[in-house]
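The structure appears right after this line, and notes come after that.
Residue numbers start from 1 in every chain, and the chains themselves are labelled A, B, ... in the order their sequence lines are given, proteins ahead of strands. From a predicted model like this one, the values you see are computed outputs, not experimental measurements.
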Amino acid sequence: GAVVSQHPSWVICKSGTSVKIECRSLDFQATTMFWYRQFPKQSLMLMATSNEGSKATYEQGVEKDKFLINHASLTLSTLTVTSAHPEDSSFYICSATKRGGQETQYFGPGTRLLVL
Amino acid sequence: DAKTTQPTSMDCAEGRAANLPCNHSTISGNEYVYWYRQIHSQGPQYIIHGLKNNETNEMASLIITEDRKSSTLILPHATLRDTAVYYCIAAGNNRKLIWGLGTSLAVNP
């Protein structure tokens, strides 16, 4: 199998607060984890790529100080949205590739963030 | 990564085969064709991928033309639960997936 989980599945927070989203590969070790964002009626946009034990690589236009990524182990990556604002409200999705396997990405169920 | 082109939407009757086309005329030799689907408000689900040979798994079949410029995803017996947005992506070894708007497939009873 290749199961990826995310927690929480949805979160509502006040403007200016920080929110942490966890992404876990449940039945495999993940070489690489990816973080995406999806706005309503739009496609997925890659935010960053993270490898265990190293700094994440951010896509152009994504602020690394605002979207903190920590990839502490081969099964866990976290995304922290710092000082969240209403425009950060979105659907955040992570994916992971298997260590030693092909580069197929397996996706989590997503986290819906609403910033008031 | 090569750009892909898919129809915006398609309809299919329940129990019939759904054939979803994808054009990727600029695909390079080391790029795979991946298919994912996204059911409303969920994360994408991996379906199948291939390089040049046709592939089949428990979910679908992937038919890639000999020149690799296009492919077709076949869901042999569509059910209502197959209603989703289907994405065709050409991706190389850099592993980045570039997502278009996909094909919105509606399976009708």
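- Under the 4.5 Å side-chain criterion, counting only non-hydrogen atoms from C-beta, A:I93 is in contact with B:Q38.
- In this structure, A:L44 CG and B:I98 CD1 are separated by 11.0 Å, a value rounded to the nearest 0.5 Å.
- Each of B:Y87, B:W99, B:Y34 was evaluated against A:F107; a single residue qualifies, B:W99, per the ring pair (Phe, Tyr, Trp, His ring centres under 6.0 Å) test.
- Separating the CD atom in A:Q42 from the CG atom in B:L101 is a distance of 8.5 Å, to the nearest 0.5 Å.
- For A:M45, the CE atom counts as loosely surrounded, since its 6.0 Å shell holds 12 or fewer non-hydrogen atoms of other residues, nucleotides or ligands.
- A single hydrophobic cluster is not seen to contain both A:Y106 and B:W35; linkage of ILVMFWY side chains at heavy-atom distances under 4.5 Å, directly or through other members, places them apart.
- Separation of atoms OG (A:S43) and CG (B:L97) is listed at 10.5 Å; rounding is to 0.5 Å.
- Note: A:L46 CG to B:K96 NZ = 6.5 Å, rounded to the nearest 0.5 Å.
- Grouping the Ile, Leu, Val, Met, Phe, Trp and Tyr side chains by contacts below 4.5 angstrom, directly or via other members, places B:L51 with B:Y46.
- In the hydrophobic clustering of this structure, A:F39 does not group with A:L116; members are Ile, Leu, Val, Met, Phe, Trp, Tyr whose side-chain heavy atoms approach within less than 4.5 Å, directly or through other members.
- Under a 3.5 Å cut-off, the side chain of B:Y36 and the backbone N or O of A:Q105 do form a donor-acceptor pair.
- For A:Q6, no part lies near chain B; criterion is any non-hydrogen pair under 4.5 Å.
- A:I21 is not connected to A:F91 by any chain of hydrophobic side-chain contacts under 4.5 Å among Ile, Leu, Val, Met, Phe, Trp and Tyr, and they are in different clusters.
- Under the 4.5 Å side-chain heavy-atom criterion for ILVMFWY residues, a single connected hydrophobic cluster contains both A:V62 and A:Y92.
- Summarising the geometry of A:T104 relative to B:H49, their closest heavy-atom pair is OG1-CE1, 3.5 Å, with the distance given to 0.1 Å.
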